[in-house]
Amino acid sequence: MLRITNTHTGKKEPFIPLEEGKVRMYVCGPTVYGLIHLGNARPAVVFDAFRRYLEYRGFKVTMVQNFTDIDDKIINAANAVGVDYKRYADRFIAEYWVDAHLLGLRAANFHPRTTDYLPEIIDIIQRLIVKGHAYVADGDVYFSVKSFPRYGELSNRKIEEMLSGARVDPSENKRFPLDFALWKAAKPGEPSWESPWGNGRPGWHIECSAMSMSLLGESFDIHAGGNDLVFPHHENEKAQSEALTGKPFARYWMHNGMLRFSGEKMAKSVGNIFNAREAVMRFGRDAVRLFLLSKHYTSPIDLSEEFLQDSRKAARRVRDTLKRAQNAGIAEKFVKADPWVMEVESRFEEALDDDFNTPVAVSLIFELVNILNTALDNNDEERAARAYDLIVRRFGPVLGLFDLQEEERKRADEENLFDSVMNVILDTRNHLRKQKQYELADQIRDKLEKLGIKLMDTPQGTQFTLDADG
RNA sequence: GGCGACGUAGCCAAGAGGUCUAAGGCGGGGGUCUGCAAAAUCCCUAUUCGUGGGUUCGAAUCCCACCGUCGCCUCCA
């Protein structure tokens, strides 16, 4: 039985979807005003893996991840470079896909963008006004927090306590300081849409309510995102959605902890960002995913180049072992689900069933790497094949790790010639070794190592690995 | 000030009442293998879990206090 921490109750709860065997989940996606950084990549990677695990567990998953393609930051950034907001957003959505591919993120079932949901947004706002949960004020529309008694329930805050710290922009026409904008009247020169209240654009929170309920229904199973979104974003989403439908909105709220860089949360406003793209280029996909999945998703995680380097080395060890197994012909063998395999699988499932404990799942892969190496050393093909199968075909795909085919594809077109050249060099060097001209042979090895090509003389012949493998 | 998370080996990180003299990774030391390396493998590297009390037959795990770090309360994944 899968159990997950539900922010709503603050407890680990058994996960029981609304509809048996099916899971409908919504993950808050990026606001597309720049390249995503590793802090943005954390929920993307974590919930990508979580979705894969749900599927591994036999659930039919419908996953939605949105793009916020209209907001102040986008408008300002677009103005700064002199293009309209849409062109700007389009560009960074395209860039997002590049990064998503680098990170090994599977596409969700739906990737809606805010500006494609204006009719739905306007409809919701209108119905909220009719029901008395929202009011129009000078072209703006606000949600009336006082009209929803459960307000504060998700983030565990009391209205009175929030009032003391509330800041109100004098330009706003709120009746109550905690009310929030559903619709913002257009300022001169801003992109805007027609509405019953005049031209304007949607507020931040309403888009997620509109897109999630349109695609997943008024009630769905999981709503996920970074824990910095709990308040106000998710609290507001929940309030407006439930005020509208009278039904529970998301039943489980999952929130990942923040990524810290130089002691602080990674954020553009702090200026301590590390682009996801750069991280993958420098350390490799597996290192980045391994780093992100090596700590429980709810905890804060500290980033440093050293930690990425550690992950890179660990990932590399796994890959080297897998390649070693492939060279030994282990990959072709078929594996039966014997008691040992089933026992390891149940340990994997036990870990991930416990609030998606990826660190333990990862540690299991390393245990298997050990077993695989030992089996290879002992020519125990049966055991090697079992371990290989579990790593590459069972556990790896759930965590989005160690996709060797992907590696091959990446290099196939550019490295055929390279491999041929390497073979010439290695043949020559082995010839020298046979003649016991070790000094020359070692010189070749040292020089190649300086170029990032590491040689290994094994009984099966000389092999090499490239630094660029990550 | 309110709400919340966290503090485990040199570093990263699981464990949440007895199977813990605490998983896994990185690093370090030693052995095997090797022409020498590399890779692999074996052994060692926390009698101890921020500090001080308490509960219990028994605590890293529960309770209290204290110290420290971070997050949210404003845009933020």
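Per chain, numbering begins at 1; letters A, B, ... match sequence-line order.
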Write down the partner of B:G1 under the Watson-Crick or G-U wobble criteria, each distance required to be under 3.5 Å.
B:C73

Taking a pair as Watson-Crick or G-U wobble with both distances under 3.5 Å, which nucleotide is matched to B:A40?
B:U32

Using the six-membered ring wherever Trp is involved, compare the ring planes of A:Y56 and A:Y53 and label them parallel, tilted or perpendicular (cut-offs 30° and 60°).
parallel

Using a heavy-atom cut-off of under 4.0 Å over every strand shown, decide if A:E367 touches base, sugar-phosphate, or nothing.
sugar-phosphate

Answer yes or no: does a side-chain N or O of A:N156 lie under 4.0 Å from OP1 or OP2 of B:G4?
yes

Checking side-chain contact (heavy atoms from CB on, under 4.5 Å) between A:L259 and each of A:L38, A:I273, A:N40, A:D302, which is the one that passes?
A:L38

With respect to the side chain of A:P43, which nucleotide from B:A77, B:C11, B:G24 is positioned closest?
B:A77

For A:Y388, does the six-membered ring have the charged nitrogen or CZ of A:K333 within the cation-pi criterion, i.e. under 6.0 angstrom from the centroid and within 45° of the normal?
no

Among A:D354, A:L352, A:V23, A:D353, exactly one meets side-chain contact (heavy atoms from CB on, under 4.5 Å) together with A:L2. Which residue is that?
A:D353

If you check every side-chain atom of A:P359, which of B:A14, B:A37, B:C72 has the closest atom?
B:A14

What is the distance, rounded to the nearest whole Å, between atom CG of A:D99 and atom P of B:A77?
14 Å

Taking the side chain of A:P232 as its heavy atoms from C-beta onward, which of B:A77, B:A40, B:C75 lies nearest to it?
B:C75

Look at the side-chain N and O atoms of A:N256 and state whether any lies under 4.0 Å from the OP1 or OP2 oxygen of B:A77.
no

Carboxylate-amine/guanidinium proximity below 4.0 Å for A:E305 and A:R282:
yes

Considering only atom P, compute the distance from B:G2 to B:G28 and round it to an integer number of Å.
47 Å

When rounded to whole Å, the CG to P distance for the pair A:N378 and B:C42 reads 10 Å

Take the protein atom CG of A:L440 and the nucleotide atom P of B:A37, then report the distance between them rounded to whole Å.
19 Å

Expressed as a whole number of Å, how far does the P atom of B:A59 sit from that of B:C73?
41 Å

Indicate whether A:Y438 forms a stack on B:G35; treat it as stacked only if centroid distance is below 5.5 angstrom and interplanar angle below 30 degrees.
yes

Between A:K313 and B:G27, is there a side-chain N or O to OP1/OP2 distance below 4.0 Å?
yes

Measure from NE2 on A:H205 to P on B:U74 and round the result to the nearest Å.
11 Å

Evaluate A:T465 against A:R316 for side chain to side chain contact (heavy atoms under 4.5 Å, CB included), listing each step before the verdict.
CA-CA 10 Å; A:T465 61; A:R316 185 172 198 153; 3.5 Å; yes

Base, sugar-phosphate, or nothing for A:G257, non-hydrogen atoms under 4.0 angstrom?
base

C1' gap between B:C70 and B:G50, integer Å
15 Å

Specify the separation, in whole Å, of atom CZ of A:F366 and atom C1' of B:U41.
17 Å

Does the structure show a Watson-Crick or G-U wobble partner for B:C20, both distances under 3.5 Å? Name it, or say none.
none

Mind checking the P distance from B:U48 to B:U8? Whole angstroms is fine.
16 Å

To the side chain of A:T374, which of B:A14, B:A5, B:U41 is closest?
B:U41

Using a cut-off of 4.0 Å on non-hydrogen atoms, how would the nucleic acid contact of A:L364 be classed: base, sugar-phosphate, or nothing?
nothing

Considering only heavy side-chain atoms of A:R324, the closest of B:G35, B:A38, B:A40 is B:A40

Using a cut-off of less than 4.0 Å, is there contact between a side-chain N or O of A:K454 and OP1 or OP2 of B:A38?
no

Nearest-Å distance once atom C1' is located in both B:G10 and B:C3:
36 Å

Using OP1 and OP2 only, check whether a side-chain N or O of A:N373 sits under 4.0 Å from B:A40.
no

Using atom P of each nucleotide, how far apart are B:U61 and B:U51 to the nearest Å?
11 Å

Ring-face cation contact, A:F348 with A:R394, 6.0 Å cut, 45° max:
no

Starting at CG of A:L368 and ending at C1' of B:A23, how long is that distance when rounded to a whole Å?
14 Å

Nearest-Å distance, CZ (A:R42) to P (B:G71)?
14 Å

Could you give the distance separating B:A13 and B:G25 at their P atoms, to the nearest angstrom?
16 Å

Has A:N357 got a side-chain N or O lying under 4.0 Å from the OP1 or OP2 atom of B:G15?
yes

Side-chain touch A:D380/A:T374, heavy atoms, less than 4.5 angstrom:
no

Could you tell me how the ring of A:F180 sits relative to the ring of A:F143: parallel (under 30°), tilted (30 to 60°) or perpendicular (over 60°)?
parallel

Is there a side-chain contact between A:R317 and the phosphate of B:A40, meaning an N or O under 4.0 Å from OP1 or OP2?
yes

Compare side-chain N and O positions of A:N370 against OP1 and OP2 of B:U41 and report whether any pair is under 4.0 Å apart.
yes

Measuring from the side chain of A:A314 (C-beta onward, heavy atoms only), which nucleotide among B:C26, B:A14, B:C36 has the closest atom?
B:C26

In whole angstrom, give me the gap between the P atoms of B:G27 and B:A38.
13 Å

Would you tell me if any nitrogen or oxygen in the side chain of A:R260 comes within less than 4.0 Å of OP1 or OP2 on B:G71?
no

At 4.0 Å (heavy atoms only), tell me whether A:K436 reaches a base, stays on the sugar-phosphate, or touches nothing.
nothing

Rounded distance in Å - CG (A:L293) to P (B:A14)
12 Å

Pairing check on B:C66: which nucleotide meets the Watson-Crick or G-U wobble criteria with it, both distances under 3.5 Å?
B:G50

Any idea which of B:A14, B:A38, B:G15 is nearest the A:H296 side chain?
B:A14

Counting any heavy atom closer than 4.0 Å, what does A:G39 reach on the DNA or RNA strands: base, sugar-phosphate only, or nothing?
base

If you assign each of A:L455 and A:D302 to its closest nucleotide in RNA chain B, which residue comes earlier from the 5' end?
A:D302

Please compare A:R445 and A:N40 by the position of their nearest nucleotide in RNA chain B and report the one closer to 5'.
A:R445

If you look at every strand shown and take non-hydrogen atoms under 4.0 Å, does A:D442 touch a base, only sugar-phosphate, or nothing?
base

With a cut-off of less than 4.0 Å, is there a side-chain N or O of A:K265 near OP1 or OP2 of B:C72?
yes

